[in-house]
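This report concerns only the one structure given below.
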Amino acid sequence: MAPKDNTVTDETQIRDLIEDWADALRAKDLDRIMSYYTPDVLAFDAISQLRFVGVDAYRKHWEACLSMCSGPSFFEIHDLGITARDGLAFCHALNRCGGTAEDGEEKVCWMRMTVCYRKIDGDWKVVHEHFSAPFDMQSGKALFELQP
Amino acid sequence: MATEVSPASNEAEIRKLIDAWATAFRAKNIDGLMANHSADIVLFDVPTPLQYRGADAYRKNWEQWFPTLDGPIGCEIRDLSVTASDDVAFSHSLNRISGKKTDGEAFDVWVRVTVGFRKIGGTWVVTHEHVSAPFDMETGKAACDLEP
């Protein structure tokens, strides 16, 4: 029964890690956000580029993203599904994020998130992640206001 | 705590599965596309909605899209990365999708693809797929013309 117990532990570890990472994001703490990634992380983000290769490129992108939302903001993780075993894991979730604009209007968006992990020297690290919003195929516009 | 990942045979099996999927995709063969997919697959696709849950929803997605296309679909898989243990695997790649719609309009786009796998009863199955295009912050539209 040992493998089953390990699976539970692995899933719990990933769940805790995601919560910690989300806290770092809410705190807009760039150093803490970046501490979850491997140096050779490959990321597909929702905006700007097809991909970001390596933690330095990804850090620059995170920095730009964080500077876009200066006011109070929120970030929630919904429908989290985790698969973890044998030192590998992946998860998917729907993220509800947003903030209050200068005119007081609250902006809310839903995004899809997939994160892939490897356990390296006993610690789970993010080797790949993928964020996106779906598109309306008629207009080609990204739809952030869709709700699950 | 060195974790043994990417044993060659597991990685080879995943690559074979991705090849089979691409062959089915080019031929618009829905049964072929579904051959290795879990009944409870969670799909995040380029068009709306935010998510598809379950094989029936996954099938409906293809049933809606394929009749709008004329002839076979082009699918080139670039920079495929596969990470596999004995029970869990994930992959990511940039896929170039091209073809012609029934109204004669041609399309040729790059999308980002992340796939999550689990070995169940000795067979690899796809439990999660995330396919997307990034969006352009200026226009709010899908940036499908980006090239790697």
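So you know, we letter chains A, B, ... as the sequences are listed, proteins then strands, and number each from 1.
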Item to complete: Check each atom of B/V113 against the heavy atoms of chain A and say whether the ones under 4.5 Å are side chain, backbone, both or neither.
Response: backbone
Worksheet item: Between B/P47 and chain A, which part of the residue has a heavy atom less than 4.5 Å away: side chain, backbone, both or neither?
Response: both
Item to complete: Answer with yes or no whether the hydrophobic clustering places A/V53 together with B/W110; edges join I, L, V, M, F, W, Y residues whose side-chain heavy atoms lie under 4.5 Å apart.
Response: yes
Discussion item. Can you tell me how far apart OG (B/S132) and CZ (A/F131) are? Round to the nearest 0.5 Å.
Written reply: 11.5 Å
Worksheet entry | Interatomic spacing from OG1 in A/T114 to NE2 in B/H128 - rounded to 0.5 Å | 2.5 Å
Worksheet item: Hey, does A/L88 have a side-chain heavy atom less than 4.5 Å from the side chain of B/S85?
Response: yes
Worksheet item: Is any side-chain heavy atom of B/H130 less than 4.5 Å from a side-chain heavy atom of A/H92?
Response: no
Discussion item. Counting C-beta onward and ignoring hydrogens, is there a side-chain heavy-atom pair between A/T83 and B/F117 closer than 4.5 Å?
Written reply: no
Item to complete: Please state whether the side chain, the backbone, both or neither of B/D87 comes within less than 4.5 Å of a heavy atom of chain A.
Response: both
Worksheet item: Any idea which heavy atoms bring A/P134 and B/L50 closest together, and the distance?
Response: CD-CD1, 3.8 Å
Worksheet item: Quick one: what part of B/R118 sits under 4.5 Å from any heavy atom of chain A, side chain, backbone, both or neither?
Response: side chain
Worksheet entry | Non-hydrogen atoms of A/D79 and B/R53 that approach each other most closely | CB-NH2, 3.8 Å
Practice prompt. With rounding to the nearest 0.5 Å, note down the distance linking OG in A/S48 to CZ in B/F135.
Written response: 8.0 Å
Worksheet item: Quick one: what part of B/V42 sits under 4.5 Å from any heavy atom of chain A, side chain, backbone, both or neither?
Response: side chain
Fill in: Residue A/D29 excluded, over 12 heavy atoms near CG under 6.0 Å
yes
Item to complete: Side chain from CB out, backbone as N, CA, C, O: work out which of these in B/D45 comes under 4.5 Å of a heavy atom of chain A, or both, or neither.
Response: backbone
Worksheet item: Quick one: does A/Q49's side chain get under 4.5 Å of B/P134's, heavy atoms only?
Response: no
Item to complete: May I ask you to test the B/L94-A/F44 pair for a side-chain heavy-atom distance under 4.5 Å?
Response: yes
Item to complete: Go through the atoms of B/S81 and report whether side chain, backbone, both or neither lie under 4.5 Å from a heavy atom of chain A.
Response: neither
Worksheet item: Under a 4.5 Å side-chain heavy-atom rule over Ile, Leu, Val, Met, Phe, Trp and Tyr, are B/V125 and B/W62 clustered together?
Response: no
Discussion item. Atom NZ of residue position B/K100 - does it have more than 12 heavy atoms of other residues, nucleotides or ligands inside 6.0 Å?
Written reply: no
Worksheet item: Does B/V109 share a hydrophobic cluster with B/L69, counting links as ILVMFWY side-chain heavy atoms below 4.5 Å and allowing steps through other members?
Response: yes
Worksheet item: Between CZ of A/F90 and OG1 of B/T127, what distance do you get to the nearest 0.5 Å?
Response: 3.5 Å
Fill in: Under 4.5 Å from any heavy atom of chain B - which part of A/E129
neither
Worksheet entry | Which atoms of A/H128 approach chain B - backbone, side chain, both or neither, heavy atom under 4.5 Å | side chain
Worksheet item: For the hydrophobic clusters of this structure (ILVMFWY residues joined by side-chain heavy atoms under 4.5 Å, transitively), does one cluster hold both B/F107 and B/F66?
Response: yes
Item to complete: Could you check A/C116 against B/T114 for side chain to side chain contact (heavy atoms under 4.5 Å, CB included), going step by step and ending with a plain yes or no?
Response: CA-CA 9 Å; A/C116 300; B/T114 303; 4.1 Å; yes
Worksheet entry | Test item: A/H130 and B/H92 side chains (from C-beta on) under 4.5 Å apart, heavy atoms | no
Discussion item. Between B/D79 and A/R51 (salt bridge meaning N to carboxylate O under 4.0 Å), is one present in this structure?
Written reply: yes
Discussion item. If I measure from the heavy atoms of chain A, does B/F90 come under 4.5 Å with its side chain, its backbone, both, or neither?
Written reply: side chain
